[in-house]
Number of protein chains: 2
Amino acid sequence: MLKDVVRTRSYQNVITQNNFLFKDKIVLDVGAGTGILSLFCAKAGAKHVYAIECSQMADMAKEIVKTNGFSEVITVIKGKVEEIDLPVPKVDVIISEWMGYFLLFENMLDTVLFARDKWLADDGVVLPDKASLHLTAIEDAEYKEDKIEFWNNVYGFDMSCIKKQAMMEPLVDTVDQNQIVTNCQLLKTMDISKMSSGDASFTVPFKLVAERNDFIHALVAYFNVSFTKCHKLMGFSTGPRSKSTHWKQTVLYLEDVVTICEGETLSGSMTVANNKKNPRDIDITLKYAINGNRCKVSRTQHYKMR
Amino acid sequence: MLKDVVRTRSYQNVITQNNFLFKDKIVLDVGAGTGILSLFCAKAGAKHVYAIECSQMADMAKEIVKTNGFSEVITVIKGKVEEIDLPVPKVDVIISEWMGYFLLFENMLDTVLFARDKWLADDGVVLPDKASLHLTAIEDAEYKEDKIEFWNNVYGFDMSCIKKQAMMEPLVDTVDQNQIVTNCQLLKTMDISKMSSGDASFTVPFKLVAERNDFIHALVAYFNVSFTKCHKLMGFSTGPRSKSTHWKQTVLYLEDVVTICEGETLSGSMTVANNKKNPRDIDITLKYAINGNRCKVSRTQHYKMR
């Protein structure tokens, strides 16, 4: 994961270019992994960094902190954020790389919000503090054929019942920006410094306007992350027009091939919620409609990330 | 997995080109998945096929069998091979795609052997009936730098303790045949129709002779599978000189960079065994030595697949 340069360099730049946020501050690193963010913060002059990591990687992080001479500044705590005791009542900064695929799949957001509510000082900052989900539409004839229509004829056999399943599973994959047919729309912004856990479930409308005559085979969701407390706005995008990250994009195939003309609108809504039975799974409901010159469609589709 | 064309086409060719093995026979498909092998067997004239699958995929397989009109010939049984009852005392053919990475990692071999001992008729056949493990040596300066030396300096920090871990983890990856420096040696052949479960743990010697002056950064293991009961020998290889499969190859990085001259020998032994604590993990011990013109090395390295 350290090899995702966009991600790690973004955090590195945020921390090293904004020493004023860290100098003599108490920092909490939620889900520290190898401890890389804690090391950046220590180097930026933090008074102390508490690096919490529940996996075996905590042992590595301890060794790495020692090897690099930061044992006095960084304390690695092996355990769950919800269960551990911090040796200080409050922290000035909470930093975390909590984002999952589709922003919200298998993420650590709830853990960050728990840490914020328990330990963040009144004038403390959460890094990053903004995350937004975006939507666009793509032409994807070739890959839809490969990934979905494949099941119609598998070595001569009809496995179309698997096709139904495949359609319901959002696909994490890299989309070429040349496939984009419409504008990209902001669906939802989350303010990590203020939001509650429930704000990660929502229904939001969208209107995607075609920028050329084309076919739409799928909608594509991606997220941006911002650090608005920096000296100047910093952040990164996981969209198809940006350098690709390990998060890639999330592709939702449509039942219909939508024939859309330049200027026409595909409108609808997206509902995102944790599955009631398995809260780690995410249910996505997509309603979409077009009343165009060459295509009239109105449909509701259900997806499940698991 | 169906999209691994080498694999599925091999099984398809074995079955469709050797009807005599299936015509009017009782077939047991161990770990049937979507039921594709059972469908091939049914089409080849099997009297009856019992397709055992323990995952949810069994429900899909039932639907696929029905959709394709084979409900009379194929019975999908949802459950574990070790726990289910078969409606017949004996079967004529056991077919299975049981191989894991490095042939033996997270494989279903024990389950196939269990089924063989319990249900296979005296003159019955197991398909495939031969599996062999092979070894060669490669030049891999570029990737070793990426994957292993990377940890020496991660955004300015020394994470070499992770390097030690990374070295111990065999890497499943595709190797370019141009990287091959030595001959390819057969390490071990297993006869699925006769072997016992314990035969999958072994120590075998090897002698790899350099075909050119080069450096060796890693040894590479791969496997071949054969169906010797066919009219003519059939099978496939997962080696770096064959069309790549989802099994790729297994790369074992060496502590040393071995400077080898054409005609010189890197010799040693490989020990493969299930980990005593976690039997799903595989422990690999590699001893290698060279007493060459430009390089003298003798070393033992331990790896763990998990």
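Residue numbers start from 1 in every chain, and the chains themselves are labelled A, B, ... in the order their sequence lines are given, proteins ahead of strands.
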Legend entry - Salt bridge flag under 4.0 Å for residues A:K47 and A:D24: no
Legend entry - Cationic N near anionic O, under 4.0 Å, A:E149 to A:K163: yes
Inset, instruction - Examine whether an atom of B:N68 lies under 4.5 Å from a heavy atom of chain A, and if so say whether it belongs to the side chain, the backbone or both; otherwise answer neither. - result: side chain
Inset, instruction - Check whether A:F40 gets within reach of chain B through its side chain, its backbone, both or neither, counting any heavy atom under 4.5 Å. - result: both
Inset, instruction - Please find out if less than 6.0 Å separates the ring center of A:Y303 from that of A:Y253. - result: no
Legend entry - Which of B:I162, B:D146, B:L39, B:T67 touches chain A most, by non-hydrogen pairs under 4.5 Å: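 Looking at each of B:I162, B:D146, B:L39, B:T67 in turn, B:L39 comes out on top.
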Legend entry - Among A:K304, A:R306, A:K277, salt bridge (Lys or Arg N to Asp or Glu O under 4.0 Å) partner for A:D283: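 That would be A:K304; it is the only one of A:K304, A:R306, A:K277 passing the salt bridge (Lys or Arg N to Asp or Glu O under 4.0 Å) with A:D283.
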